[in-house]
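All values below come from the heavy atoms of this structure, side chains included, with hydrogens, waters and symmetry mates left out. Here is the naming used below: chain letters follow the sequence lines, and residue numbers restart at 1 for every chain.
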Number of protein chains: 2
Amino acid sequence: MKWSQLADQPCSVARSVSVIGDRWTLMILRDCFLGIRRFDDFERRLRISRSIIADRLKHLVDEGVLRRDEYQQNPVRHEYRLTDKGLSLHPVIMAIVHWGDTHYAGEQGPPLLHRHRACGCDFHPVLACSECGEPVGPRDVEVRTGPGGV
Amino acid sequence: MKWSQLADQPCSVARSVSVIGDRWTLMILRDCFLGIRRFDDFERRLRISRSIIADRLKHLVDEGVLRRDEYQQNPVRHEYRLTDKGLSLHPVIMAIVHWGDTHYAGEQGPPLLHRHRACGCDFHPVLACSECGEPVGPRDVEVRTGPGGV
DNA sequence: CCCCCTCCGTTCTAAATTTGAACCCACGTT
DNA sequence: AACGTGGGTTCAAATTTAGAACGGAGGGGG
């Protein structure tokens, strides 16, 4: 199987991964959630070649994860902002951050803290059930074939 | 920046991505959560070359995400199982699945359904606050530098 | 007017990675 | 003995990436 065929698999992980499952794409999305919007801010933060940044941004725009908005004319300049579809990746990024915080933070603690505005506490993300609201662990889930399955 | 330098960044996303931010690695982890354990079951499901599978499995074992257990002798055979560190990737995989279900499911619906054993309902994952238990959206989070930050 | 700077890319070649196919080995089976 | 199976390793070829150079449209200073 090739990367390009991933999108056609009857599997939501495969379809998602074909869009966002790339190291630099995930780093760009991290920056988007931190408010980065301009090409050369991405470049400064990532220190990778511009061709890769251009390629990934274009891909994300094509997929509807980012929007390319004009923010000035003369000369025309664009900024890249998360669409609703892009914002819905928030749980993915938060889960990845939390896994890194848990297993790779140095002695001093995590590089970033996240405060929940509603309750005012620093928090970490918990996976909860949409139906009952209780936390869900790996053993609490029973997987079975759905309507779109094989 | 190179991939190998990602692990040294003061950023939990970068550190996580250096371990799991690879298309095939994510596909392998998906299969692990579905109960796949043996080399050639991974091969049959992914249809990619064995060298890639061997490489990714070794990498995940080195990182402590999978454990390589002997399950028979004569000849000796191993199976790959999630460690606790690996199991703690569950929210990441669930978040990715849900994003794919939301944006890429066909007309018939998602390929797989997930039932929460505790409440008996088919559910989707919700990102909740560890402190107050309420759902958390992208706008509800205030990020600031933590103790391990620059 | 001329030169240089910024922002935002594109293009090109060399270097690195990824891939699939072929090979290997130890056993078990016919 | 010949063949099949589980579980890999090796290696040349295809793909991706890196990084530097190039471009271009406007703005600012002299």
### Task
Only pairs at least two apart or in different chains count here, so list each salt bridge (Lys or Arg N to Asp or Glu O under 4.0 Å) that has a residue in residues 103-117 of chain B.
A/E142-B/R117
### Task
Grab the OH-P distance between A/Y71 and C/dT6 for me, whole Å please.
14 Å
### Pairs touching residues 27-46 of chain B that satisfy ring-ring contact (aromatic ring centres under 6.0 Å, His included), sequence neighbours left out
B/F33-B/H90
## Note on the structure
So salt bridge (Lys or Arg N to Asp or Glu O under 4.0 Å) across residues 83-96 of chain B, not counting sequence neighbours, yields none
## Note on the structure
Separation of C/dA16 atom P from B/L6 atom CG, nearest Å, is 17 Å
### Atom-pair distance (CZ on B/R50; P on C/dC24), nearest Å
14 Å
#### Entry: Exercise: do B/R68 and B/Y80 side chains pair donor with acceptor under 3.5 Å
yes
### Message
Tell me every residue that passes salt bridge (Lys or Arg N to Asp or Glu O under 4.0 Å) with B/E131, counting only those two or more places apart in sequence or in another chain.
### Response
none
## Note on the structure
Rounded to whole Å, the CZ-C1' distance (B/R77 to D/dG6) equals 4 Å
### Query
With A/R67, which residues qualify under salt bridge (Lys or Arg N to Asp or Glu O under 4.0 Å), at least two apart?
A/D69
### Query
How close or far is atom C1' of C/dC8 from atom CG of A/L57, stated in whole angstroms?
11 Å
### Query
What are the residues of residues 36-47 of chain A, sorted by number, that bring a heavy atom to within less than 4.0 Å of DNA chain C?
A/R38, A/F39, A/D40
### Query
Listed by chain and number, what are the ring-ring contact (aromatic ring centres under 6.0 Å, His included) partners of A/H98, not counting sequence neighbours?
A/H124
### Query
Expressed in angstrom and rounded to an integer, what is the separation of A/I28 atom CD1 from C/dG9 atom C1'?
14 Å
Taking only N/O atoms, report every protein-nucleotides 17-19 of chain C pair under 3.5 Å with atom names and distance.
residue: C/dT19; atom: OP1; partner: A/W3; partner atom: NE1; Å: 3.0
residue: C/dT19; atom: OP1; partner: B/W24; partner atom: NE1; Å: 2.7
residue: C/dT19; atom: OP2; partner: B/W24; partner atom: NE1; Å: 3.4

### Query
Does B/R81 pair with B/E79 as a salt bridge, N-O distance under 4.0 Å?
yes
### Query
Counting only side-chain N and O atoms of B/Y80, is one of them less than 4.0 Å from OP1 or OP2 of D/dG8?
yes
### Task
Would you mind reading off the distance between B/E70 atom CD and D/dG6 atom C1', rounded to a whole angstrom?
14 Å
### Message
If you compare every side-chain N and O of A/K58 against the phosphate oxygens of C/dT10 (OP1, OP2), does one of them come in below 4.0 Å?
### Response
yes
### Task
Rounded to the nearest angstrom, tell me the gap between atom CD1 in B/I48 and atom C1' in C/dG20.
11 Å
### Query
Partners of A/D55 by salt bridge (Lys or Arg N to Asp or Glu O under 4.0 Å), sequence neighbours excluded?
none
